[in-house]
Amino acid sequence: MLVDDDIRNVFALSSVLEGYRMDVTFAENGREALEILDKNPEFDLVLMDMMMPEMDGYEAMTRIRQIPQFEKLPIIALTAKAMKEDRGKCIEAGASDYVKKPIQTDQLLSLMRVWLYS
């Protein structure tokens with residue numbers, strides 16, 4: 001699942017991921033991501049933007065981690081803010097890993113492989 005409120009990011013990432021034969025489901029914010037997970041818990045990985053309206057990525061990851069079946073669901077945080085403390089804040093909120101925007105496709109795919117096949 002790709003959670004991001006910027007349609008340009010969604011389009012760019014979806015295009016890349018679908019090129020690798022991945023099925024991509026899109027959520028516009030954290031609240032929508034939780035609703036989608038509730039209806040369909042069969043996701044292998046979540047790419048979570050941090051800064052979104054309504055419910056940001058930090059709150060969404062915290063809530064996802066409170067649901068027992070999603071304790072080990074890989075969540076990769078995506079952030080444009082790239083401050084030193086952001087990585088720790090993302091991990092503390094429940095991210096498995098962290099990628100800075102603009103996203104380097106090779107780096108993201110490498111991280112996804114680590115989390116999907118470990």
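This structure is a prediction, so every number in the text was calculated from the model and none was measured. Just so you know, these numbers use all the heavy atoms, side chains as well, and skip hydrogens, waters and symmetry mates.
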Atom CD in E59, atom CG in N29: separation rounded to 0.5 Å? 10.5 Å
Could you check whether D49 pairs with K101 (Lys NZ or Arg NE/NH1/NH2 to Asp/Glu carboxylate O, under 4.0 Å)? yes
Counting distance only, does the side-chain N/O of S110 pair as donor-acceptor with the main-chain N or O of D106 below 3.5 Å? no
For residues M61 and M1: do they belong to one hydrophobic cluster (side chain heavy atoms under 4.5 Å, members Ile, Leu, Val, Met, Phe, Trp, Tyr)? yes
Salt bridge (Lys or Arg N to Asp or Glu O under 4.0 Å) against E35, all qualifying residues, sequence neighbours excluded: R31
Do V10 and M50 belong together in a cluster built from hydrophobic side chains that touch within less than 4.5 Å? no
Please identify each residue that fulfils side chain to side chain contact (heavy atoms under 4.5 Å, CB included) with E42, with sequence neighbours left out. N40
Can you sort out the partners of D44 under salt bridge (Lys or Arg N to Asp or Glu O under 4.0 Å), two or more places apart, ordered by chain and number? none
State, yes or no, whether a side-chain contact exists between F26 and S14 at a heavy-atom distance under 4.5 Å. no
Would a hydrophobic clustering, with Ile, Leu, Val, Met, Phe, Trp and Tyr connected at side-chain separations under 4.5 Å, put V24 with M112? yes
If we ignore hydrogens and angles and just use 3.5 Å, is the side chain of E32 paired with the main-chain N or O of E28 as donor and acceptor? yes
Going by the side chain to side chain donor-acceptor pair (under 3.5 Å) test, which pairs reach into residues 65-75, not counting sequence neighbours? R65-S96
Residues at least two apart in sequence or cross-chain that pass side chain to side chain contact (heavy atoms under 4.5 Å, CB included) with A60, listed by chain then number, are M48, M55
Output every pair passing salt bridge (charged side-chain N to carboxylate O under 4.0 Å, His left out) with a member in residues 13-23, not counting sequence neighbours, ordered by first then second residue. none
Is I75 reachable from L13 through a run of I, L, V, M, F, W or Y residues, each pair having side-chain heavy atoms under 4.5 Å apart? no
Is F43 close to L37 at the side-chain level, that is, under 4.5 Å between some pair of heavy atoms? yes
Would a single hydrophobic cluster contain both I76 and L17, if residues Ile, Leu, Val, Met, Phe, Trp and Tyr are joined by side-chain heavy-atom contacts under 4.5 Å? yes
Output for pair (L108 CG, K100 NZ), nearest 0.5 Å, gives 14.5 Å
